[in-house]
Amino acid sequence: MAEISASPVPAGVVQDAPIPGQQPPSIPGQEPAAPEEPENKSETLYIQNLNEKIKIDVMKASLRGLFKSYGEVLDVVAHGNLRMRGQAFVSFESADIAQKAMKEVTGFPLYSKPMQISFARTRSDAVVKKLDNEHFDEHKARREEHKKKTRYTNPLKQKFKAKRMASEMDGAMAAPAPKRPNVQMPDEYLPPNKILFLQNLPETVTKDQLMALFSQYPNLYEVRLIPTKKDIAFVEYMDEASSGVAKDALHNYKLDGENKIKITFARK
């Protein structure tokens, strides 16, 4: 029998992308090899190399539409987190359907990226619920236990943990930056406020005395004493203009004939 060589593709000719469900052409005189039965055959397919720029809901709908021609699609799982980006799981009601779909769809360029497909290592929740519902709770418990055990052994998480620890160590070894003093604006330069802050009051002062003193100026609203600190108080006017007039008039006023009252605008 003459030996047949594959002719090269002429320059400028683009080969068609594989189409799901279409078998590749056979070479004349060559018998196709019998497919080997995979050991880890499963009802769920694990798909990689998906286009990460496509939104998750759009990608899930596209995968469901692509695979539904092979049989009922029980579930499509895809996540946008860093660890699961570009990956998805598609579950069918039988492993034979999943195998046929994998064989015919592997390499199909979904959103310009050829899909890499293999069998998932474990059954999905949707498959167990459909085919073995009485053991669903046991299945969920095993999955949660596995998730806890691998939470900190995941290679990607270990990489980020090591990077974070290295960053913290570098920060600890670096010389601490000098702490800037907390400079507070002097009371005398605070912006206008309708509330006045009174200091250096006689400890025997009463609310009535302050009301009588500050009511000489219009638009007085309230006088508030501080029970735990009797040498300070707050006086509030209806507006900033009125409080400014009272402040200018009564600052350094000797309420008891000796100590001068210090009056400033309250801090906002």
Side-chain angles (χ1 to χ4, degrees), residues 14-26 32-157 160:
V14 179
Q15 287 181 297
D16 292 335
I19 300 173
Q22 179 175 311
Q23 299 291 340
S26 59
E36 295 183 3
E37 192 74 12
E39 295 181 2
N40 62 331
K41 193 171 175 181
S42 169
E43 298 91 351
T44 299
L45 297 180
Y46 173 44
I47 304 172
Q48 297 172 276
N49 199 42
L50 294 173
N51 194 325
E52 298 177 9
K53 296 180 181 179
I54 306 302
K55 291 183 178 180
I56 296 298
D57 55 344
V58 174
M59 180 60 75
K60 289 172 70 174
S62 299
L63 289 171
R64 187 178 289 274
L66 182 64
F67 284 100
K68 69 179 182 180
S69 60
Y70 294 95
E72 182 184 359
V73 176
L74 300 183
D75 196 17
V76 178
V77 176
H79 301 289
N81 59 55
L82 187 62
R83 186 170 69 90
M84 292 299 297
R85 202 175 293 168
Q87 305 169 62
F89 295 88
V90 178
S91 298
F92 299 91
E93 59 183 350
S94 83
D96 289 338
I97 294 175
Q99 184 178 20
K100 179 177 173 59
M102 179 174 68
K103 180 181 177 183
E104 298 184 5
V105 180
T106 295
F108 179 75
L110 183 62
Y111 296 110
S112 303
K113 294 194 71 173
M115 292 186 290
Q116 300 171 8
I117 307 177
S118 58
F119 286 116
R121 295 179 181 177
T122 58
R123 277 183 156 185
S124 71
D125 292 351
V127 169
V128 175
K129 201 164 191 177
K130 173 85 172 180
L131 305 180
D132 194 14
N133 191 41
E134 61 183 53
H135 296 110
F136 181 72
D137 291 340
E138 297 175 21
H139 164 80
K140 286 284 286 184
R142 284 196 302 271
R143 289 250 302 185
E144 290 299 322
E145 186 64 27
H146 176 73
K147 192 181 293 184
K148 288 179 183 178
K149 287 181 179 179
T150 58
R151 181 172 297 166
Y152 301 107
T153 58
N154 181 278
L156 192 59
K157 288 188 177 180
F160 278 106

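The line from CZ of Arg64 to CG of Asp75 is 6.5 Å long, rounded to the nearest 0.5 Å. Taken to the nearest 0.5 Å, the OG atom of Ser91 stands 11.0 Å off from the CD atom of Glu72. In this structure, CG in Leu50 is found 13.0 Å from NZ in Lys60, a value given to the nearest 0.5 Å. A distance of 4.0 Å separates OG1 in Thr106 from CD1 in Ile117, rounded to the nearest 0.5 Å. The CD1 atom of Ile54 sits 8.0 Å away from the CG atom of Leu110 when rounded to the nearest 0.5 Å.
Between Phe119 and Ala95, the shortest heavy-atom distance links the atoms CE2-O, 4.4 Å. Of all non-hydrogen atoms in Ala88 and Leu63, the two that sit nearest each other are CB-CD1, 3.6 Å. When all heavy atoms are compared, the tightest approach of Ala78 to Ile56 is O-CG2, 3.6 Å. Across all their heavy atoms, Gly107 and Pro114 have their closest contact at O-CB, 3.5 Å. Between Glu43 and Ser94, the closest heavy-atom pair is CG-C, 3.7 Å. Between Ser118 and Met102, the shortest heavy-atom distance links the atoms CA-SD, 3.6 Å.
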Go through the steps for Val90 and Tyr70 under the test side-chain contact (heavy atoms from CB on, under 4.5 Å), then give the verdict. CA-CA 12 Å; Val90 178; Tyr70 294 95; over 6 Å; no
Under the side-chain contact (heavy atoms from CB on, under 4.5 Å) criterion, do Leu66 and Phe108 qualify, and how do the steps go? CA-CA 10 Å; Leu66 182 64; Phe108 179 75; 4.0 Å; yes
For Met59 and Tyr111, run side-chain contact (heavy atoms from CB on, under 4.5 Å): C-alpha distance rounded to whole Å, both residues' side-chain angles, the deciding distance at 0.1 Å, then the answer. CA-CA 9 Å; Met59 180 60 75; Tyr111 296 110; 3.9 Å; yes
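Using a distance-only test at 3.5 Å, with no hydrogens or angles considered, no donor-acceptor pair links the side chain of Arg85 to the main chain of His79. Side-chain N or O atoms of Asn49 include none that pairs as donor or acceptor with a backbone N or O of Met115 at under 3.5 Å. For the pair Asn51 (side chain) and Lys113 (backbone), a donor-acceptor distance under 3.5 Å is absent.
Judged by distance alone, the side chains of Gln116 and Tyr46 never bring a donor and an acceptor atom under 3.5 Å apart.
Using cut-offs of 30° and 60° on the angle between ring planes, the pair Phe92 and Phe67 is perpendicular.
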